[in-house]
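Scroll down for the structure; my scribbles are underneath it.
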There are 2 protein chains.
Amino acid sequence: MTSHPSRPSRSAGREVKEKSIFDAARSVFAELGFRGATTAEIARRAGVPKANLHYYFPTKEALYRAVTEQILTAWLSAASSFDEQDDPAQALAAYVGAKMDMARADPLGSRIWASEILRGAPVIRDFLETTLAEWLSSREKIIRRWMDRGQIRPVEPRYFFYMIWATTQHYADFETQITALNRGKPLSDEQFAVARAQVIDTVLRGILAPI
Amino acid sequence: MTSHPSRPSRSAGREVKEKSIFDAARSVFAELGFRGATTAEIARRAGVPKANLHYYFPTKEALYRAVTEQILTAWLSAASSFDEQDDPAQALAAYVGAKMDMARADPLGSRIWASEILRGAPVIRDFLETTLAEWLSSREKIIRRWMDRGQIRPVEPRYFFYMIWATTQHYADFETQITALNRGKPLSDEQFAVARAQVIDTVLRGILAPI
DNA sequence: GATGGATTTGACCAAGTGGTCAATTCGTCA
DNA sequence: TGACGAATTGACCACTTGGTCAAATCCATC
């Protein structure tokens, strides 16, 4: 300890402040997209003067890149849950469940991703074309192996993944709509649990080979 | 005919010009969202001076409202395809197919909707809470009737609709990503036909009662 | 308690924003 | 043809934008 406990150390203060700017940026980017977001609004939500924001992140784009980077990391971590099981039903249930949990726990990340795609993915295009494309094609092989073994019905794996991504991310990206359709109240934990179970169940029934 | 054929009449000229501004606005709003879109960019894509744009649409918001209005109309029209069949399999196949066709034929509409939801739906909130909520709850009743008759498995109808909406709209909203994952080429008509058929098939298998 | 780098921030700037307006041009019809 | 309303548009305005900067303040270390 190099400083008084009640006053944060210099480096700890930096981390806290950086994080508060970072979090404010996430929420503004998620709502308004890159172009619509303003550094003034981000600074306001972070509770710092705008000049201070530019001390920690030199440009709006640098801040945006920092935010997207974290999102891509989180995506890959959720994706790994697909690989921990050999059985199709278990692997898919784990993966879909993890994606649903992510949509619930961190909707902002999903929304920023969506907004980035909507504008043509200028920043994450490289990720899509390399890392994500490789992930998808290697998992396609796994799906095809299951098909060959007769464990699942014959499908085009990539369109199957699109359905999983679309359905799970919908609970984050369209939360406003879901809330409006739920008498103005966000889904309760119980409601979400039902939705989560049903999504897993429907996806599995859609692809598993009949007994 | 009140004017020379090669020179459009005054009112026809108005319609053409209004439409070119309207279409330019759709594409800019779809890419950049309401806040990110600029009237200058819309005017540029429409090929008219900015002052001219403001002659036809007094404000950016008026233009945006005109655009969203058309989208809501189109949504309702696709939704009606759900009601034309009594058999669950046929009704659902028609509805999902219509939504897929819409995502293919007019991806911009879907993207503007998505962007509007992302920012909290300030403009279409009323539509969501009234017209859409009513549509959903009346179709929920139809689904429950099918369930009571044992024609489909027991599910929470609204989450089932969310899956349909998410999956079909994904082909419009995430076209950039889908293209990036398809070696940089947009889905061909053949590929899309496969995706369309598979989406319908998977949705049906997920909900239809086993024989 | 003096030093010096890290941090903070009000004031500022050039470029871009949505929108206005008056002067001009156009098309129609008497 | 002339008159008159519809349509066009360059110039302009107040305000917001992302970003800069220099002066002030903080704080770990000696």
Side-chain angles (χ1 to χ4, degrees), chain A residues 1-22 24-29 31-68 115 119 122-123, chain B residues 1-22 24-29 31-68 115 119 122-123:
Chain A
M1 288 297 148
T2 57
S3 62
H4 192 278
S6 73
R7 198 180 308 165
S9 78
R10 191 148 232 172
S11 65
R14 174 178 253 279
E15 274 164 36
V16 166
K17 203 148 197 180
E18 224 166 70
K19 183 168 187 320
S20 84
I21 294 170
F22 188 89
R26 278 173 64 89
S27 80
V28 177
F29 284 135
E31 265 172 49
L32 302 172
F34 176 75
R35 280 276 290 264
T38 68
T39 55
E41 175 63 12
I42 295 171
R44 200 190 59 74
R45 292 198 197 181
V48 303
K50 188 161 65 89
N52 196 225
L53 178 153
H54 279 100
Y55 177 74
Y56 287 100
F57 298 92
T59 66
K60 178 181 165 180
E61 171 143 358
L63 182 46
Y64 183 75
R65 284 185 184 271
V67 166
T68 55
S115 169
R119 70 177 186 133
V123 167
Chain B
M1 287 297 150
T2 57
S3 61
H4 193 277
S6 73
R7 199 181 309 168
S9 77
R10 191 150 234 171
S11 65
R14 174 178 253 280
E15 274 164 34
V16 165
K17 203 148 197 180
E18 223 166 69
K19 184 167 187 323
S20 84
I21 293 169
F22 188 89
R26 278 173 65 88
S27 80
V28 177
F29 284 135
E31 265 171 48
L32 302 171
F34 177 75
R35 280 276 291 265
T38 68
T39 55
E41 174 63 13
I42 294 171
R44 201 190 58 77
R45 292 198 197 178
V48 304
K50 189 161 65 86
N52 197 223
L53 178 153
H54 278 101
Y55 177 75
Y56 287 100
F57 298 92
T59 65
K60 179 181 166 181
E61 169 142 0
L63 182 47
Y64 183 74
R65 284 184 183 272
V67 165
T68 54
S115 169
R119 69 178 186 131
V123 167

Starting at OH of A:Tyr55, measure out to CZ of A:Arg14 and round the result to the nearest 0.5 Å.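 Output value for this atom pair is 5.5 Å.
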Measure the CG-CG distance between A:Leu53 and A:Leu63 for me, rounded to the nearest 0.5 Å.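 Nearest 0.5 Å value for the CG-CG distance: 6.0 Å.
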Roughly, in whole Å, what's the span from NZ in B:Lys17 to C1' in C:dG27?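 Nearest whole value for this atom pair: 14 Å.
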Whole angstrom is fine here: how far is it from CZ in B:Arg14 over to C1' in C:dG27?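 After rounding, the reported distance stands at 14 Å.
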Could you go through B:Ile42 and B:Lys60, starting from their C-alpha distance and side-chain angles, then the distance that decides it, and tell me whether this counts as side-chain contact (heavy atoms from CB on, under 4.5 Å)? CA-CA 10 Å; B:Ile42 294 171; B:Lys60 179 181 166 181; 5.6 Å; no
When you measure from every atom of DNA chain D, which of residues 31-42 of chain B have a heavy atom less than 4.0 Å away?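 The answer is none.
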For DNA chain C, the residues among residues 48-63 of chain B that have a non-hydrogen atom under 4.0 Å from it: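 Correct list: B:Lys50, B:Ala51, B:His54, B:Thr59, B:Lys60.
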Side chain to side chain donor-acceptor pair (under 3.5 Å) involving A:Tyr64 - partner list, sequence neighbours excluded: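 Once residues adjacent in sequence are excluded, the partners of A:Tyr64 under the side chain to side chain donor-acceptor pair (under 3.5 Å) criterion are A:Glu116.
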Using the test side-chain contact (heavy atoms from CB on, under 4.5 Å), find all partners of A:Thr59 that sit at least two apart in sequence or belong to another chain.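 Residues passing side-chain contact (heavy atoms from CB on, under 4.5 Å) with A:Thr59: A:Glu61, A:Ala62.
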Can you name the side-chain contact (heavy atoms from CB on, under 4.5 Å) partners of A:Ala66, sequence neighbours left out?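 Counting only residues at least two positions away or on another chain, A:Ala66 forms a side-chain contact (heavy atoms from CB on, under 4.5 Å) with A:Phe22, A:Phe57.
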Pairwise side-chain contact, A:Thr68 with A:Phe29, heavy-atom cut-off 4.5 Å (strictly under):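 No, too far: nothing below the 4.5 Å cut-off.
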Residue pairs passing the side-chain hydrogen bond (donor to acceptor under 3.5 Å, both in side chains) test where at least one lies in residues 41-51 of chain B, sequence neighbours excluded: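 Non-adjacent pairs meeting side-chain hydrogen bond (donor to acceptor under 3.5 Å, both in side chains): B:Ser27-B:Arg45, B:Glu31-B:Arg45, B:Glu41-B:Arg44, B:Glu41-B:Arg45.
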